[in-house]
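First the proteins, then the strands, lettered A, B, ... as listed; each starts at 1.
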There are 2 protein chains.
Amino acid sequence: MFKTHDIAMKSYQPRLLQDDLYSIPIDAFFKSAFSVDCVIFGYHEAELKVLLIQRGTEPFENYWALPGDLVYPNEDLDSAALRILNDLTSLTNIPIKQVKTFGKVDRHPLGRVITIAYLALVEPTDLAPHASSWARDTRWHPIAEVPQLAFDHQEILEVSLEELRSRILHEDLWSKVLPAKFSLTQFQELFETILGKTFDKGNFRKKVVKYKFLQKLEEAQRGVSHRPSLLYSFDAKRYQEMKANGFSFEF
Amino acid sequence: MFKTHDIAMKSYQPRLLQDDLYSIPIDAFFKSAFSVDCVIFGYHEAELKVLLIQRGTEPFENYWALPGDLVYPNEDLDSAALRILNDLTSLTNIPIKQVKTFGKVDRHPLGRVITIAYLALVEPTDLAPHASSWARDTRWHPIAEVPQLAFDHQEILEVSLEELRSRILHEDLWSKVLPAKFSLTQFQELFETILGKTFDKGNFRKKVVKYKFLQKLEEAQRGVSHRPSLLYSFDAKRYQEMKANGFSFEF
DNA sequence: AAAGCTTTTTGTATAAATTACAATTAGTGT
DNA sequence: ACACTAATTGTAATTTATACAAAAAGCTTT
């Protein structure tokens with residue numbers, strides 16, 4: 001099985017090719033095209049990773065790269081991003097955020113391809129078996145140990161990480177990486193990891209509680225050999241209300 | 001004279017057409033394409049406007065729309081935005097900012113065209129004579145009196161205004177709309193207009209002075225029938241320094 | 001030339017938020 | 001019962017924000 005991505009690349013040097021499995025007419029991708037690349041961040045226990053694929057075809061064969069694909073003619077951009085995310089992780093219903101479109105003339109060696117970058121933040125799940133059809137290999141890389149990447153993916157990753165850092169609190173991107181019930185310590189760890197700095201425990205707690213989008217539950221932690229923490233849940237409705245009122249969150 | 005934009009639209013229902021003046025091969029735009037749309041804001045004396053064109057061709061003939069064009073195959077996205085801006089206003093060396101890419105499948109009635117939106121903030125100059133070749137009419141519209149727009153341009157405008165408001169202080173977008181030497185009152189008026197709220201004069205001044213990216217000059221206002229204000233200039237170098245250090249500006 | 005007008009500029013007292021750090025608490029393990 | 005750990009609460013000192021008032025510097029009028 002091969003993806004439209006490969007087809008389009010090959011067909012750039014004009015040649016007649018058959019439609020692929022998705023029955024998309026080849027000439028829809030002639031000479032210029034747009035793709036979506038996904039920066040899928042994974043967070044688990046104070047570690048931030050990014051999901052990369054190892055390319056199985058030229059150009060940049062064997063290089064690691066951000067997962068991406070050409071956008072189908074009948075597919076919205078967001079849908080394309082969600083499709084890629086789902087193909088690799090089997091996850092659905094994940095909030096995504098468009099980051100920026102990268103379109104330098106020479107960014108793709110085989111033709112004019114611009115790419116719209118999206119980001120998501122998920123729990124680093126096992127990868128879907130399907131994922132192997134994408135590429136030679138698929139793997140979570142700690143954010144500090146990312147290898148040299150194909151195309152301009154290094155820049156895309158940097159810009160996306162910057163975006164994640166600056167928007168993490170304004171969007172609800174983070175809401176999928178914590179369990180439904182979590183402690184304030186877990187919550188703090190998440191933001192410390194992503195922002196790359198630490199906060200005073202007491203002060204952080206006060207600020208968060210003030211924002212009121214965390215709902216204190218009756219329940220507490222159990223089985224830990226110290227004072228158990230109370231559990232909280234994310235009050236999405238109140239969060240949206242506050243956002244609609246132009247409330248500005250900041251740490 | 002006609003623009004590549006029109007050509008591409010017509011040629012979507014496959015038909016053979018000649019190359020246009022820019023000698024771009026027609027088939028480069030077959031079936032799917034990407035364009036750049038510019039939200040050119042104009043600020044002058046506490047009034048915010050936006051530059052719109054009135055379309056001279058179908059679809060949406062006679063509707064007002066954001067100026068835009070297909071991106072040439074050998075042209076970077078930023079360059080395309082600057083070209084459009086320059087075509088209409090003759091301005092060069094204006095900071096622009098990519099806002100977002102809009103790509104709903106049905107956003108363009110004649111084919112799959114996604115568009116990358118850019119914004120700029122300039123002084124509403126006289127329009128270049130050239131501009132009339134673009135469209136039936138070209139005009140600055142006060143932001144509160146924008147007519148119904150073609151395509152999804154209403155949404156693009158809204159998102160762009162939101163972006164302008166939230167980034168005005170972090171980017172130096174504003175630096176082109178004030179004279180080289182300006183008073184703090186002028187500076188405050190600019191931000192009040194764009195953000196749509198007012199500030200206490202004394203407190204605003206204190207905050208700005210604290211940020212230190214304004215350079216106090218020896219010169220003062222002349223000929224006004226009240227206490228003349230001291231003049232300031234924008235210290236772009238210091239501003240960039242502060243931005244690089246992760247300084248966060250806010251009003 | 002003095003008094004008045006207007007807007008800039010500076011000042012100040014109060015309230016609110018941030019910060020650093022200490023004290024208390026609620027569990028488990030010995 | 002006591003020690004241990006991390007959660008939770010508290011507090012004093014500092015900084016920042018806010019509202020408002022006073023002073024200053026030109027021009028205009030008398």
Trainee: Rounded to the nearest angstrom, tell me the gap between atom CD in Q186(A) and atom P in dT8(D).
Mentor: 11 Å

Trainee: Nearest to the side chain of K216(A) - dT9(D), dA17(D), dT18(C)?
Mentor: dT9(D)

Trainee: Does NZ or CZ of K243(A) come closer than 6.0 Å to the centre of the six-membered ring of Y239(A), within 45° of the ring's axis?
Mentor: no

Trainee: Measuring from I96(A):CD1 to L82(A):CG, what's the distance to the nearest 0.5 Å?
Mentor: 4.0 Å

Trainee: For Y63(B), give me all partners under ring pair (Phe, Tyr, Trp, His ring centres under 6.0 Å), at least two apart in sequence or on another chain.
Mentor: F60(B)

Trainee: Between atom CZ in F204(A) and atom P in dA20(C), what is the gap in whole Å?
Mentor: 15 Å

Trainee: Tell me every residue that passes side-chain contact (heavy atoms from CB on, under 4.5 Å) with D200(B), counting only those two or more places apart in sequence or in another chain.
Mentor: N203(B)

Trainee: Write down the protein N/O and nucleotide N/O pairs, taken from nucleotides 25-28 of chain C, whose separation is under 3.5 Å; answer none if there are no such pairs.
Mentor:
residue : atom : partner : partner atom : Å
dT25(C) : O4'  : R227(A) : NH1          : 3.4
dT25(C) : O2   : R227(A) : NH1          : 2.9
dA26(C) : O4'  : R227(A) : NE           : 3.4
dA26(C) : N3   : R227(A) : N            : 3.2
dG27(C) : N2   : S225(A) : O            : 3.2

Trainee: Which residue pairs pass the side chain to side chain donor-acceptor pair (under 3.5 Å) test when at least one of the two sits in residues 181-196 of chain B, sequence neighbours left out?
Mentor: K181(B)-E219(B), T185(B)-K201(B), Q188(B)-E192(B)

Trainee: Within the sub-3.5 Å range, which N or O atoms of nucleotides 11-16 of chain C have a protein N or O partner, and how far apart are they?
Mentor:
residue : atom : partner : partner atom : Å
dT12(C) : O4   : K206(B) : NZ           : 2.9

Trainee: Starting at atom CG of L184(B), determine the distance to atom P of dA25(D), rounded to an integer number of angstrom.
Mentor: 17 Å

Trainee: Look at atom NZ of K176(A) and say whether more than 12 heavy atoms of other residues, nucleotides or ligands are closer to it than 6.0 Å.
Mentor: yes

Trainee: Roughly, in whole Å, what's the span from CD in Q221(B) to P in dT6(C)?
Mentor: 17 Å

Trainee: Considering every strand and a 4.0 Å limit on heavy-atom distances, what is the contact class for S183(A): base, sugar-phosphate, or nothing?
Mentor: nothing

Trainee: At what distance, to the nearest 0.5 angstrom, does CZ of F151(A) lie from CG of L66(A)?
Mentor: 10.5 Å

Trainee: Keeping to residues at least two apart or across chains, list the side chain to side chain donor-acceptor pair (under 3.5 Å) pairs with something in residues 138-150 of chain A.
Mentor: D137(A)-R139(A)

